[in-house]
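Predicted model, so just to flag it, every value in this text is computed and none were measured.
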Amino acid sequence: MLRIVTNLYINKYRQRQRGPQLGSLDEEGVIEPMSAESEIPDRILFDEAVGAEIEEALSKVPEDFRMAVMLSDLEGLSYQEIADITQVPIGTVRSRIARGRSILRKALEGYAKREGYLKDGVIE
């Protein structure tokens, strides 16, 4: 649910940046069609690509850091866009991303070695 709400907010934010908004779906009374969560294409790809180890590692990252990392690395937003969305200074965004990535790196080190992405004793 948090991901859906975040994506909706990001989409509305980007629309406002492009120019004046003439109307909204809320005003028109239009109901947006939705499919079951298991049928959403990006969810299907995400479930296939991300194993239980990675989901567990993400769950260990504190919420503020996780949000900043996901908005940056998965959504491709700029630091300024993330600062606007989360309503924190850009310096805070930078530190949250750095700390979140560090926590993920440490949590996934064992997984990376087992899967052959990282050789023993080599941390980049």
Side-chain angles (χ1 to χ4, degrees):
M1 287 297 286
L2 178 62
R3 181 85 256 147
I4 292 170
V5 171
T6 302
N7 286 340
L8 288 172
Y9 181 86
I10 292 168
N11 289 342
K12 286 191 179 228
Y13 174 79
R14 287 181 178 165
Q15 283 178 342
R16 278 187 248 128
Q17 294 298 324
R18 287 188 209 125
Q21 189 176 16
L22 301 175
S24 74
L25 293 177
D26 296 334
E27 295 171 354
E28 297 173 8
V30 176
I31 298 174
E32 193 172 333
M34 295 178 59
S35 63
E37 186 175 334
S38 61
E39 297 174 5
I40 298 173
D42 60 339
R43 182 65 187 190
I44 293 169
L45 287 173
F46 187 77
D47 286 345
E48 291 175 5
V50 177
E53 294 89 355
I54 297 173
E55 288 181 5
E56 183 180 333
L58 275 172
S59 70
K60 292 178 183 177
V61 178
E63 179 64 30
D64 291 338
F65 299 156
R66 183 181 336 131
M67 179 65 70
V69 169
M70 291 177 72
L71 289 174
S72 174
D73 296 341
L74 297 178
E75 298 295 330
L77 298 179
S78 69
Y79 288 174
Q80 186 60 53
E81 289 174 319
I82 297 169
D84 293 341
I85 290 169
T86 57
Q87 298 177 348
V88 296
I90 196 166
T92 303
V93 170
R94 288 184 178 125
S95 67
R96 286 180 180 178
I97 290 172
R99 290 177 184 165
R101 286 177 180 164
S102 175
I103 293 168
L104 274 176
R105 188 177 303 115
K106 289 175 185 174
L108 291 172
E109 183 179 354
Y111 173 74
K113 287 178 181 177
R114 283 193 310 275
E115 294 295 317
Y117 297 116
L118 184 65
K119 294 179 183 177
D120 286 333
V122 178
I123 298 179
E124 296 180 13

Let me check something: any side-chain donor-acceptor pairs from residues 61-68 under 3.5 Å, sequence neighbours excluded? List them with distances.
from  : atom 1 : to    : atom 2 : distance (Å)
Glu63 : OE1    : Arg66 : NH1    : 2.8
Arg66 : NE     : Leu58 : O      : 3.0
Arg66 : NE     : Val61 : O      : 3.4
Arg66 : NH2    : Val61 : O      : 2.9

* **Contact check, side chains of Glu75 and Thr6, non-hydrogen atoms, under 4.5 Å** => no
* Atom CG of Leu108 and atom CD of Glu56: how far apart are they, to the nearest 0.5 Å? -> 9.5 Å
* Structure fact -> Here the pair of heavy atoms bringing Asp73 nearest to Arg101 is OD1-NH2, 2.5 Å
With a 3.5 Å cut-off and sequence neighbours excluded, list the donor-acceptor pairs that the side chains of residues 84-91 form with protein atoms.
from  : atom 1 : to    : atom 2 : distance (Å)
Asp84 : OD1    : Gln80 : NE2    : 3.1
Asp84 : OD2    : Tyr13 : OH     : 2.6
Thr86 : OG1    : Ile82 : O      : 2.7

* Interatomic distance, Ser102 atom OG to Ile97 atom CD1 [nearest 0.5 angstrom] -> 13.5 Å
* Asked: Should the pair Glu109-Lys113 be classified as a salt bridge under the 4.0 Å nitrogen-to-oxygen rule?
  -> yes
